[in-house]
Amino acid sequence: MANDEVVNGVSERGGHPVEQKLMRQWSMRIKAYAERLLTGLDKVDWTDSIKDQQRNWIGRSQGASVHFKVDGFEGKTIEVFTTRPDTIYGVSFMVLAPEHPYVDEITTNEYRVAVEQYKKEASLKSERDRQADVKNISGQFTGAYAIHPFSGEKVPVWIGDYVLASYGTGAVMAVPCGDQRDWDFAKHFNIEIRNIFKDIDISEAAYAEKDAVITGSDFLNDLPAKEAIKRAIEEIEKRGIGKGKVQYRLRDAVFSRQRYWGEPFPVYYKGETPYLVDDAHLPITLPEIDKYLPTEDGEPPLARADKASWNYSQGDRMEYNTMPGWAGSSWYFLRYMDPHNENEFVAKDKVEYWQNVDLYIGGSEHATGHLLYARFWTKFLFDMGYIPFDEPFQKMINQGMILGRSSFVFRLKFSYKGEEKFIFVSKNRMDNKSFASELSKLYPDSSLEYVLDFTPIHADISLVDNDVLDIEAFKKWRPDFADAEFILEDNGTYVCGHEVEKMSKSKYNVQTPDELVEKFGADTLRMYEMFLGPLEQSKPWDTKGINGVHNFLRKFWRLFHDKDGNVSLSNEAPTKDNLKTLHKTIKKVEDDLDRFSFNTGVSNFMICVNELTDQKCNNREILEQLTILLSPYAPHIAEELWVKLGHQPGTILQASFPTFNAEYLVEAAHAYPVSFNGKMRFKLELPTSFSKEEVEKAVLADAQSQKWLEGGQPKKVIVVPGKIVNVVL
RNA sequence: GCGGAUGUGGUGAAAUUGGUAGACACGCUAGACUUAGGAUCUAGUGCCGCGAGGCGUGGGGGUUCGACUCCCUCCAUCCGCACCA
């Protein structure tokens with residue numbers, strides 16, 4: 001069960017108890033690639049946001065591992081990882097994670113009961129709970145002491161759940177003067193806080209910056225922290241008590257799932273030992289089973305299959321787990337290059353030809369999942385010599401999500417004659433708290449109690465019009481609402497709340513485009529989605545403006561037809577204005593395509609069609625070029641008009657893309673915006689051949705300038721030829 | 001707390017290299033037309049003002065002849081991470 005399906009220890013759907021169970025899982029050693037996954041980010045063209053998320057996730061930290069001997073346990077050492085080996089003389093205690101394997105062994109009899117008790121408490125908390133519970137400092141002394149590797153002093157060993165078993169070695173050397181968590185722990189348990197920073201006050205908080213000078217630390221004295229780190233590592237290595245080390249937060253990735261729908265592993269077992277199925281027997285396909293459910297004793301669904309239902313089986317049994325979604329999503333793009341190849345996943349010459357994906361448009365929600373796994377997988381295949389690149393996606397654009405507008409009903413829980421009851425309260429009655437009088441009317445009993453406990457519940461948006469709920473439809477919608485009661489607005493309606501969220505079946509806010517396609521056609525929908533705004537931006541789905549795009553396509557269509565709807569095209573040479581409009585559009589649309597600015601691309605088409613309409617242009621040559629230009633945006637209408645233009649048989653897909661010719665855009669005159677002190681006051685049309693001086697002269701001589709000059713002389717006149725004029729007064 | 005992003009009319013937005021802020025579209029206002037079509041056409045539409053004009057890109061400051069754009073600072077919203085030693 002997924003974590004979010006578990007609520008308060010029971011399953012969200014059936015309310016069944018959920019217990020945690022240890023399971024043997026396959027996992028992939030992504031950790032082995034941590035460093036390369038980090039450095040590889042420098043050579044791909046992705047957003048900083050995704051790169052940072054991945055860097056964060058990989059969590060590289062540089063430091064040292066140090067071994068502390070345990071007093072009275074010959075040959076036993078506690079290994080810790082620290083990023084601040086320079087503060088080693090500030091160590092006044094050590095903390096092990098409660099799950100650390102040494103805990104039982106080193107705990108003295110005196111502390112055994114307390115340690116057992118603490119371990120038990122910690123084990124009841126999941127890792128999530130622990131993280132949510134940062135404020136509470138807890139821990140327990142074990143009675144054991146470690147030996148400081150430099151000073152030889154005895155250092156008490158504690159256990160505490162702020163130390164995570166899953167990171168580093170599951171143990172830390174605590175330096176309260178330099179680490180806030182250690183400081184908090186020391187304060188709480190009254191442990192010595194040793195200050196090894198020169199002229200730094202640590203009475204109120206730890207000092208974590210790496211800019212202090214070290215003191216009271218023998219060979220590290222008077223060194224600034226950064227140098228002391230290097231020096232400390234040298235010394236640690238020299239004395240053989242540890243070494244410089246890089247630690248990653250990234251964990252190995254679990255690669256098995258206990259469900260039916262996934263690629264089966266080509267693995268069989270003899271006893272408890274797994275073996276790989278020989279290549280000759282591949283592929284292993286999913287066996288048929290009676291129910292897609294786990295077995296009675298909790299084995300995955302595949303355990304239901306007997307040997308005969310597998311297309312191949314060997315040994316005592318086949319593997320029951322299946323692969324996760326990221327098995328396929330990590331490398332499917334490679335298979336696309338050579339989908340019918342029976343012998344290998346992709347032939348060498350094909351992958352050498354296609355290389356990695358040039359442009360990947362995908363959601364940023366996969367930053368630390370799919371997008372990391374695919375990189376890992378690609379690097380592995382590169383190392384194995386199967387593919388000639390080690391980054392899968394060269395450039396990536398994260399398209400924004402189209403969000404939904406959810407509707408909510410508000411369920412009030414109350415008790416009546418000792419019985420728990422629910423009623424749905426309309427939004428405004430809830431907001432202004434006027435529901436109470438209504439409730440006591442419906443339940444006229446002095447023993448009525450209610451708690452101010454409103455639960456917003458998603459209502460299907462098809463049951464809601466303009467935030468008003470169709471009550472009868474709502475009752476029929478789900479059986480548990482059949483007898484629902486309501487407190488309505490004064491006008492007798494139920495008003496819902498709303499929120500913009502991700503579109504999702506579970507939120508009942510999904511809008512399908514089918515109806516719009518029916519009404520306006522797929523071209524309109526396609527262009528409207530582009531027109532909504534920049535590709536990377538998320539926004540709620542709102543069809544208010546779709547008419548504008550639809551009208552544009554109608555207007556475009558009208559250019560080809562007379563008012564009776566018959567095709568009417570002129571075969572004469574296009575006018576200068578026609579050509580100017582067309583070529584301006586070619587240029588802009590091309591530029592917009594290059595920078596993935598589809599919304600401005602659409603508006604450039606609109607401008608073009610508006611201009612051609614004003615020019616009453618029905619010129620075949622112009623319209624033919626424009627149709628080709630539009631075809632990636634509105635493929636259906638373009639294809640249809642292509643036929644009307646007389647290209648049959650054939651498809652517009654085979655037409656060559658229009659080429660921009662700058663000659664048509666050359667202007668003899670430019671309307672200069674004339675500014676005074678940076679404020680645009682009027683425009684003045686001047687020949688483009690004018691020099692700076694000529695422009696300046698013409699502007700100052702113009703009658704309109706007099707008003708702003710007020711008889712004075714300008715301090716300065718800035719002329720940017722072909723652009724603007726600014727007169728400084 | 002750390003990191004990333006965003007902030008412009010009534011609305012979605014545009015301004016690509018520091019050079020006319022609000023293109024294009026929705027909506028709205030007034031009008032025309034009519035075969036009444038999710039039509040078409042004309043004019044208007046950032047705010048204040050009768051006007052001249054003033055103000056205006058989250059707030060404040062700066063650089064510049066000129067700033068939505070560059071710098072400093074603050075605020076708000078969204079996303080990701082968060083006891084990682």
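So you know, we letter chains A, B, ... as the sequences are listed, proteins then strands, and number each from 1.
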J.: Treating A:Q53 as the side-chain partner and A:D48 as the backbone partner, does any N or O pair qualify as donor plus acceptor under 3.5 Å?
T.: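 Judged by distance alone, no pair lies under 3.5 Å.
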J.: Take the angle between the ring planes of A:F598 and A:F596 and call it parallel below 30°, perpendicular above 60°, tilted in between.
T.: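 Correct class here is perpendicular.
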J.: With a 4.5 Å heavy-atom cut-off, do A:I50 and A:M396 have their side chains touching?
T.: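 Contact flag for A:I50/A:M396 side chains = yes.
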J.: Give me the distances for all protein-to-nucleotides 23-27 of chain B N/O pairs that come in under 3.5 Å?
T.:
| residue | atom | partner | partner atom | Å |
| --- | --- | --- | --- | --- |
| B:A25 | OP1 | A:N610 | ND2 | 3.0 |
| B:C26 | O2' | A:K544 | O | 3.3 |

J.: Return the value, rounded to whole Å, for the distance between atom CD of A:Q62 and atom P of B:A85.
T.: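 Nearest whole value for this atom pair: 12 Å.
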J.: Could you give the NE2-to-P distance, from A:H366 to B:G80, as a whole number of Å?
T.: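 After rounding, the reported distance stands at 13 Å.
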J.: Rounding to an integer number of Å, can you tell me how far A:F556 CZ sits from B:A39 P?
T.: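 For the pair A:F556 CZ and B:A39 P, the rounded distance is 21 Å.
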J.: Among the nucleotides B:A85, B:G80, B:A14, which one has an atom lying closest to any side-chain atom of A:P534?
T.: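 Closest of the options to the side chain of A:P534: B:A14.
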J.: Counting any heavy atom closer than 4.0 Å, what does A:K51 reach on the DNA or RNA strands: base, sugar-phosphate only, or nothing?
T.: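 No contact.
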J.: Rounding to the closest angstrom, what is the interatomic distance between B:G22 and B:G27 at atom P?
T.: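 Nearest-Å result for B:G22 against B:G27 at atom P: 22 Å.
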J.: Is A:R29 atom CZ crowded by more than 12 heavy atoms from other residues, nucleotides or ligands, each under 6.0 Å away?
T.: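 12 or below, so no.
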J.: Is there a side-chain contact between A:V157 and A:L96 in this structure, where contact means two heavy atoms from C-beta onward sitting under 4.5 Å apart?
T.: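 The answer is yes; the side chains approach within 4.5 Å.
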J.: Contact class for A:R55 vs. all strands (heavy atom < 4.0 Å): base, sugar-phosphate, or nothing?
T.: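 Nothing, no heavy atom under 4.0 Å.
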J.: Decide ring-ring contact (aromatic ring centres under 6.0 Å, His included) for A:F552 and A:W557; before the verdict, give the C-alpha distance in whole Å, the side-chain angles of both, and the deciding distance to 0.1 Å.
T.: CA-CA 9 Å; A:F552 154 74; A:W557 180 267; over 10 Å; no
J.: Using the 3.5 Å cut-off, write out each protein N or O paired with an N or O of nucleotides 48-58 of chain B and the distance between them.
T.:
| residue | atom | partner | partner atom | Å |
| --- | --- | --- | --- | --- |
| B:A52 | O3' | A:K707 | NZ | 3.4 |
| B:G53 | OP1 | A:K707 | NZ | 2.1 |
| B:G54 | OP2 | A:R681 | NH1 | 3.1 |

J.: Of all the choices, B:A39, B:A15, B:U20, which nucleotide is nearest to the side chain of A:R554 once you look at every atom?
T.: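 So the nucleotide nearest the side chain must be B:A39.
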J.: Ring-plane angle category for A:F197 and A:Y207, please: parallel below 30°, perpendicular beyond 60°, tilted otherwise.
T.: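 Perpendicular.
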J.: Please report the distance separating the C1' of B:A21 from the corresponding atom of B:A15, rounded so that it comes out in whole Å.
T.: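 These two C1' atoms come out 7 Å apart once rounded.
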J.: Rounded to the Å, how far apart are A:D592 CG and B:A13 P?
T.: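 That distance rounds to 17 Å.
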J.: Return the stems involving RNA chain B, sorted by first number, where pairs are Watson-Crick (N1-N3 with N6-O4 or O6-N4) or G-U wobble (N1-O2 and O6-N3), both under 3.5 Å, and runs are 3 or more long.
T.: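 Only these stems qualify: B:1-7 with B:75-81, B:10-12 with B:24-26, B:27-32 with B:40-45, B:46-48 with B:53-55, B:58-62 with B:70-74.
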J.: Among A:F68, A:F141, A:F185, A:F189, which residue satisfies the ring pair (Phe, Tyr, Trp, His ring centres under 6.0 Å) criterion with A:F93?
T.: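 Among A:F68, A:F141, A:F185, A:F189, the one meeting ring pair (Phe, Tyr, Trp, His ring centres under 6.0 Å) with A:F93 is A:F185.
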J.: Relative to each other, are the rings of A:H583 and A:F660 parallel, tilted or perpendicular (30° and 60° limits)?
T.: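 Aromatic pair A:H583/A:F660 classed tilted.
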J.: Fit a plane to each ring of A:Y360 and A:F393, take the angle between them on a 0 to 90° scale, and name the class: parallel (under 30°), tilted (30 to 60°) or perpendicular (over 60°).
T.: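 Tilted: the ring planes of A:Y360 and A:F393 meet at 30° to 60°.
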J.: Could you tell me how far apart A:E365 (CD) and B:G80 (P) are, to the nearest whole angstrom?
T.: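 Distance check: A:E365 CD to B:G80 P gives 10 Å.
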J.: Would you measure the distance from the C1' atom in B:G10 across to the matching atom in B:U63 and give it in whole Å?
T.: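 The answer is 36 Å between these two C1' atoms.
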J.: Would you say the ring centers of A:W57 and A:Y248 fall short of 6.0 Å from each other?
T.: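 For A:W57 and A:Y248, the ring centres are not under 6.0 Å apart.
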J.: Within this structure, what is the CG-to-P distance between A:L535 and B:G12, rounded to whole angstrom?
T.: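 Going from CG in A:L535 over to P in B:G12 covers 19 Å.
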J.: Roughly how far apart, to the nearest Å, are B:U69 and B:U6 at atom P?
T.: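 After rounding to an integer number of Å, I get 14 Å for this pair.
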J.: Hey, does A:K519 reach any base, or is it just sugar-phosphate, or nothing, if we go heavy atoms under 4.0 Å?
T.: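 It contacts base atoms.
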J.: Please enumerate all residues that pass side-chain contact (heavy atoms from CB on, under 4.5 Å) together with A:K555, with sequence neighbours excluded.
T.: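 So A:K555 forms a side-chain contact (heavy atoms from CB on, under 4.5 Å) with A:R558, A:V609, A:N610, A:T613.
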J.: B:C74 and B:U29: how far apart are their P atoms, nearest whole angstrom?
T.: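 Taking atom P in both B:C74 and B:U29, they lie 46 Å apart.
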J.: Do side-chain atoms of A:H670 reach the backbone of A:L686 as a donor and acceptor pair under 3.5 angstrom?
T.: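 No; zero donor-acceptor contacts below 3.5 Å.
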J.: Within less than 4.0 Å of OP1 or OP2 of B:A13, is there a side-chain N or O belonging to A:Q537?
T.: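 Checking B:A13 against A:Q537, a side-chain N or O does come within under 4.0 Å of OP1 or OP2.
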J.: Taking atom P in both B:U73 and B:C81, compute the distance separating them and give it to the nearest angstrom.
T.: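 Straight-line distance between the two P atoms is 28 Å.
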J.: Going by heavy atoms in the side chains, are A:N566 and A:H561 under 4.5 Å from each other?
T.: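 Heavy-atom side-chain distance check fails, nothing below 4.5 Å.
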J.: Please examine the side chains of A:P540 and A:R405, heavy atoms only from C-beta on, and report whether any two atoms are closer than 4.5 Å.
T.: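 Side chain of A:R405 against side chain of A:P540, heavy atoms only: no contact under 4.5 Å found.
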J.: Using a strict heavy-atom distance below 4.0 Å, which residues from residues 81-95 of chain A are in contact with RNA chain B?
T.: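 Output list: A:F81, A:T82, A:T83.
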J.: What orientation do A:F676 and A:F682 show, parallel under 30°, tilted 30 to 60°, or perpendicular over 60°?
T.: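 Aromatic pair A:F676/A:F682 classed tilted.
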J.: N/O contacts under 3.5 Å, protein versus nucleotides 63-65 of chain B?
T.:
| residue | atom | partner | partner atom | Å |
| --- | --- | --- | --- | --- |
| B:C65 | O2' | A:N726 | ND2 | 3.2 |
| B:C65 | O2 | A:N726 | ND2 | 2.8 |

J.: Heavy atoms, side chains only, cut-off 4.5 Å: are A:Q140 and A:K119 in contact?
T.: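 Side chain of A:Q140 against side chain of A:K119, heavy atoms only: no contact under 4.5 Å found.
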